[in-house]
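Comments concern the structure below.
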Protein chains: 2
Amino acid sequence: MVPEIELTTEEKIIEAAEEVFTSKGKSGARMRDIADKAGINQALLHYYFRSKDRLFFEVFKRIVPRLFPGVFAVLDEDIPFFEKIERFIRGYIEVVEAHPKFPIFIIQALGNSPERLADTILSTFRGLGIDPVEAIRRDLRREIEAGRIIDIDPAHLMVNIISMSAFPFIARPLIERIAFPGRSELYDRFLKQRKEHVPKFIIDSIRKG
Amino acid sequence: MVPEIELTTEEKIIEAAEEVFTSKGKSGARMRDIADKAGINQALLHYYFRSKDRLFFEVFKRIVPRLFPGVFAVLDEDIPFFEKIERFIRGYIEVVEAHPKFPIFIIQALGNSPERLADTILSTFRGLGIDPVEAIRRDLRREIEAGRIIDIDPAHLMVNIISMSAFPFIARPLIERIAFPGRSELYDRFLKQRKEHVPKFIIDSIRKG
DNA sequence: GTCTATAAAGCGATAGAC
DNA sequence: GTCTATCGCTTTATAGAC
């Protein structure tokens with residue numbers, strides 16, 4: 001299944017580091033675990049990345065572009081508004097589905113740490129010329145003026161969309177045990193349903209008439 | 001402002017521990033920091049709570065009842081459905097507003113650790129005879145049959161509500177910097193607005209006609 | 001580049017005096 | 001109950017051989 005491409009040592013390290021950092025968090029991660037998972041010794045970690053801090057930052061920089069900018073591109077496409085909403089949400093849920101540990105990793109990283117990490121994210125958005133709230137604001141104004149949707153603050157709408165898409169993955173360990181105790185497969189199905197449910201729920205709320 | 005009640009040493013410790021654990025996480029927290037914050041020495045921590053693990057568990061047990069059961073009680077009250085939705089959401093947002101670090105603390109704690117913590121939460125709900133999804137299911141069936149709201153899965157509705165209420169607090173370090181960079185007071189206002197916005201958004205979506 | 005060995009610091013936990 | 005002092009282990013990081 002996994003392609004038999006020979007990874008360089010550096011790649012092996014950073015992939016192992018991503019696994020350990022995203023599942024244990026920065027302070028919970030152990031350099032020793034990363035070395036073991038990469039199949040090398042601990043000294044080599046420092047040879048390539050100098051310190052835990054730097055290695056963490058490299059992992060962070062690799063994760064940001066996989067979680068964010070791709071999906072937001074659809075917001076700039078020239079397609080009907082409801083279809084845009086639908087495709088954005090579906091795309092966003094699929095990204096989080098593929099990388100369920102990324103959102104909480106990012107949030108946790110930003111929670112503790114200096115402005116450096118936040119700047120990395122901001123540059124990523126800027127570098128691609130994407131401003132999510134602004135992108136949706138233009139569409140919204142047009143749709144509202146055309147009388148097709150009700151008046152709504154773009155920031156709230158955007159946060160509603162992201163919340164309903166990401167939170168069920170973030171809070172899985174909590175929600176699953178309350179709503180489907182011991183039935184992990186039911187929660188998987190529930191998450192898949194949200195690709196249909198969330199767009200419908202959003203559009204039902206903002207559509208006029 | 002803070003009442004001048006003399007706290008026992010045990011209380012001072014557990015309050016300090018709550019602060020440190022909720023802001024740094026379990027593995028990021030240092031017993032030394034907790035002792036310093038409590039104004040005592042490190043040995044006394046172990047005298048009262050024996051180990052970091054036990055101290056963490058005590059903090060966890062103290063947090064659960066402040067985050068969960070109170071708000072859910074309104075679901076069992078006998079009031080009009082839309083009013084119930086409104087009061088539940090407002091109550092929930094106010095709880096998270098008062099304790100913005102609790103949700104991510106709980107999620108992170110449940111993510112790593114054994115079933116013991118999850119059981120604590122489940123017992124809390126059971127102990128109060130509260131089943132959130134079931135509570136809302138009854139109302140929902142009645143309202144759907146009466147033709148007042150559209151057909152909707154109670155689990156999805158409940159998750160939508162919790163998501164939109166809690167996520168903006170959890171993801172604050174991320175959203176604030178993207179949407180209101182350097183304008184913390186704007187984000188505070190944004191969060192307050194959600195007490196009005198979220199109930200309206202929900203009801204607009206599920207109301208029939 | 002990769003290894004073994006080890007230094008240096010940090011950490012949770014305990015001993016023992018008061 | 002509270003303190004100082006310290007143990008013993010873990011963890012990050014470096015030295016030096018190959």
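Reminder, nothing fancy here: chain letters follow the sequence lines and each chain counts from 1. As the structure is a prediction and not an experimental result, all values here were calculated from the model.
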> Quick one: is the NZ or CZ of B:Arg116 closer than 6.0 Å to the six-membered ring centre of B:Phe57, and within 45° of its axis?
Replying inline: yes
> Reckon B:Arg30 has a side-chain N or O less than 4.0 Å from the OP1 or OP2 of C:dG12?
Replying inline: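 Indeed, a polar side-chain atom of B:Arg30 lies that close.
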>> Can you see if the side chain of A:Arg32 gets near the phosphate of D:dT11 - specifically, an N or O under 4.0 Å from OP1 or OP2?
In response: no
What is the distance, rounded to the nearest whole Å, between atom [atom1] of [X] and atom [atom2] of [N]?
{"X": "B:Leu7", "N": "D:dT2", "atom1": "CG", "atom2": "P", "value": "13 Å"}
{"X": "B:Lys24", "N": "C:dG12", "atom1": "NZ", "atom2": "C1'", "value": "16 Å"}
{"X": "B:Met31", "N": "D:dC7", "atom1": "CE", "atom2": "C1'", "value": "16 Å"}
{"X": "A:Phe56", "N": "D:dT12", "atom1": "CZ", "atom2": "C1'", "value": "16 Å"}

>> I'd like to know if the side chain of B:Arg189 reaches the main chain of B:Glu185, judged simply by a donor and an acceptor atom lying under 3.5 Å from each other, with no hydrogens or angles considered.
In response: no
>> Run the side-chain hydrogen bond (donor to acceptor under 3.5 Å, both in side chains) test on B:Arg32 and B:Asn41 for me, step by step, so that the C-alpha distance in whole Å, both residues' side-chain angles and the decisive distance to 0.1 Å come before the verdict.
In response: CA-CA 8 Å; B:Arg32 146 137 231 131; B:Asn41 65 79; over 6 Å; no
>> What's the separation between atom CZ in B:Arg50 and atom CD in B:Glu58, rounded to the nearest 0.5 Å?
In response: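 If we round to the nearest 0.5 Å, B:Arg50:CZ and B:Glu58:CD are 13.5 Å apart.
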>> Does anything in residues 33-54 of chain A come within less than 4.0 Å of DNA chain D? Heavy atoms only, and list the residues if so.
In response: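 A:Gln42, A:Ala43, A:His46, A:Arg50, A:Ser51, A:Lys52 - these, ordered by number, are the residues of the stretch whose heavy atoms sit under 4.0 Å from the strand.
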> salt bridge (Lys or Arg N to Asp or Glu O under 4.0 Å) between A:Lys37 and A:Glu15: does it pass, once the steps are laid out?
Replying inline: CA-CA 9 Å; A:Lys37 182 152 294 193; A:Glu15 293 198 357; over 6 Å; no
> If you count the non-hydrogen atoms of other residues, nucleotides and ligands that lie under 6.0 Å from CZ in B:Arg66, is the total more than 12?
Replying inline: yes
